[in-house]
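Scroll down for the structure; my scribbles are underneath it.
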Amino acid sequence: MLPLKFYLRPATVVARELLGKLLVHKSPEGTTAGMIVETEAYEGAVDKACHAWHNRSPRTKIIYQRGGLAYVYLIYGMYNCFNVVAGPRDTADAVLIRALEPVQGIDLMQRRRGPRVDLRNFCRGPGKLCQALGITRAQYGADLRTSPLTIEPYLRFAAADIGVSPRRNIDYAEEARDFPWRFYLQDNIFVS
DNA sequence: GTGCAGATCCGA
DNA sequence: CGGATCTGCACG
């Protein structure tokens, strides 16, 4: 379990430090887990790409809660995306988990993703990893320190191993489009 | 009430 | 490159 303090920092800091951590989901069907290899930070105070930017709605209210909770939303009517809420209460920070390296529960991931999908594509993309781990909006608001959906320490990487780039698919976000807030493990084949 | 765009994925 | 499929929000 990561200490609460880990989460009570800006999304840009948490996004970097989540790399190499283990995302674990203990579901009724079994346990699946993967190492976080790609993240994106969203900071609502200054970030037009953030769902909570000037927008406190039933869907986004969790982003204004303290860090360490799960923000899960439905995208394009079909896929779930999983975020880690960051920062203290009344900040609008969140970290989108974009890709995992599968670690545990490979068989269950295969069943959830389909028989023809190969290991490399189990968790390469925010929608795919939610499907592989069985994460849905039922986990909206889950406390990542006490619920079946948790994040654990796993591997540590040096700053030189971490790549930085603009975020994906936010062309609408004007100047925020170019913020270098996507973080990933260089040379990891599971990065999207 | 209606219309539309979205932090995606898959298959042609 | 287009279609799937649904929700939140703007508009009126």
Side-chain angles (χ1 to χ4, degrees), chain A residues 7 10-16 18-19 23 25 32 34 36-65 67 69-87 91-102 109-142 144 149 151 163-185 189-192:
Chain A
Y7 297 104
T12 44
V13 175
V14 175
R16 233 175 212 286
L18 279 173
L19 295 176
L23 177 62
H25 189 205
T32 45
I36 297 170
V37 300
E38 181 181 353
T39 62
E40 283 179 357
Y42 291 83
E43 296 193 357
V46 294
D47 181 8
K48 288 177 180 154
C50 183
H51 289 163
W53 192 73
H54 289 251
N55 177 33
R56 206 188 271 246
S57 66
R59 176 201 183 205
T60 63
K61 67 179 185 212
I62 197 72
I63 305 174
Y64 289 90
Q65 296 299 313
L69 307 176
Y71 166 48
V72 185
Y73 69 93
L74 188 69
I75 184 70
Y76 295 104
M78 284 199 276
Y79 300 102
N80 291 291
C81 289
F82 168 70
N83 294 248
V84 176
V85 175
T91 61
D93 285 35
V95 177
L96 173 68
I97 307 301
R98 286 197 60 89
L100 306 174
E101 176 175 326
M109 289 190 194
Q110 180 87 67
R111 287 204 296 282
R112 285 171 170 157
R113 293 281 295 128
R116 313 173 61 128
V117 178
D118 63 290
L119 180 73
R120 193 175 169 204
N121 275 316
F122 279 8
C123 303
R124 195 175 60 159
K128 295 175 185 176
L129 71 89
C130 282
Q131 195 175 30
L133 266 64
I135 299 172
T136 70
R137 280 169 296 165
Q139 277 74 47
Y140 182 97
L144 299 173
L149 184 62
I151 298 177
V164 180
S165 83
R167 295 167 292 177
R168 303 276 314 268
N169 301 327
I170 54 156
D171 287 347
Y172 59 86
E174 301 177 24
E175 76 283 351
R177 191 185 52 179
D178 303 318
F179 292 177
W181 285 0
R182 172 174 171 258
F183 306 93
Y184 57 97
L185 294 180
I189 64 164
F190 298 97
V191 171
S192 72

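First the proteins, then the strands, lettered A, B, ... as listed; each starts at 1. As the structure is a prediction and not an experimental result, all values here were calculated from the model.
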task = Figure out the OH/P separation between A:Tyr140 and C:dT7, and round it to whole Å.
result = 14 Å

key: Polar side-chain atom of A:Tyr42 near backbone of A:Ala52 as donor-acceptor pair, under 3.5 Å   = no

query = A:Gln131 CD to B:dC9 C1': how many Å, rounded?
reply = 9 Å

message = Taking the six-membered ring of A:Tyr73 as reference, does the cationic atom of A:Arg59 (NZ for Lys, CZ for Arg) lie under 6.0 Å from its centre and within 45° of its axis?
response = yes

ask   = Starting at CG of A:Leu74 and ending at C1' of C:dC9, how long is that distance when rounded to a whole Å?
value = 16 Å

Exam field: side chain A:Glu38 to backbone A:Ser192, donor-acceptor pair closer than 3.5 Å = yes

Proximity to DNA chain B (any heavy atom under 4.0 Å), residues of residues 113-124 of chain A only = A:Arg113

request  = Could you tell me whether A:Glu40 and A:Arg167 make a salt bridge, using a distance below 4.0 angstrom between a side-chain N and a carboxylate O?
outcome  = no

key: side-chain contact (heavy atoms from CB on, under 4.5 Å) between A:Ile135 and A:Asn80, worked out   = CA-CA 7 Å; A:Ile135 299 172; A:Asn80 291 291; 5.7 Å; no

Expected output: side-chain A:Asn83 to main-chain A:Val85 donor-acceptor under 3.5 Å = no

key: Residues in contact with DNA chain C, drawn from residues 43-61 of chain A - heavy-atom cutoff 4.0 Å   = A:Asn55, A:Ser57, A:Arg59

query = Taking atom C1' of B:dA5 as reference, at what distance in whole Å does atom CG of A:Asn169 sit?
reply = 13 Å

request  = Give the nucleotide from the list C:dT5, B:dC9, B:dA7 with an atom nearest to the side chain of A:Tyr42.
outcome  = B:dA7

ask   = By a strict heavy-atom criterion of less than 4.0 Å, which residues belonging to residues 172-182 of chain A are in contact with DNA chain B?
value = A:Tyr172

Results of side chain to side chain donor-acceptor pair (under 3.5 Å) for A:Arg16 - residues two or more places apart only = none

key: Duplex segments of DNA chain B, taken as runs of at least three Watson-Crick or G-U pairs that stay under 3.5 Å   = B:1-6 with C:6-11, B:8-11 with C:1-4

inquiry  = Test of understanding: with side chain to side chain donor-acceptor pair (under 3.5 Å), list the residues that count as partners of A:Tyr7, not counting sequence neighbours.
reply    = none

request  = Please assess A:Ile36 against A:Leu100 for the test side-chain contact (heavy atoms from CB on, under 4.5 Å), listing each intermediate value before the final yes or no.
outcome  = CA-CA 5 Å; A:Ile36 297 170; A:Leu100 306 174; 3.7 Å; yes

ask   = Do any N or O atoms from the side chain of A:Asp93 and from the backbone of A:Ala11 form a donor-acceptor pair under 3.5 angstrom?
value = yes

message = Applying a 4.0 Å non-hydrogen cut-off, can you work out what A:Arg167 is touching in the nucleic acid: base, sugar-phosphate, or nothing?
response = nothing

Nearest-angstrom distance from the residue atom CD1 of A:Ile75 to C1' of B:dG6 = 4 Å

inquiry  = Using a 4.0 Å heavy-atom cut-off, does A:Ile170 contact any base of the nucleic acid, only the sugar-phosphate backbone, or nothing at all?
reply    = sugar-phosphate

task = Check the distance between C:dT5's P and A:Asn80's CG and give it to me in whole angstrom.
result = 15 Å

query = Is there a donor-acceptor pair under 3.5 Å between the side chain of A:Arg113 and the backbone N or O of A:Gln131?
reply = no

query = So, do A:Tyr76 and B:dG6 meet the stacking rule of ring centres under 5.5 Å and planes under 30°?
reply = no

key: A:Glu38 CD to B:dT8 P, straight-line distance once rounded to whole Å   = 10 Å

ask   = Side chains of A:Leu149 and A:Phe82: does their closest heavy-atom pair fall under 4.5 Å?
value = yes

key: Any donor-acceptor N/O pair, A:Glu43 side chain to A:Pro10 backbone, under 3.5 Å   = no

request  = Round to the nearest Å and state the distance from A:Leu129 atom CG to B:dA7 atom C1'.
outcome  = 12 Å

Any side-chain heavy-atom pair of A:Val84 and A:Ile97 under 4.5 Å = yes

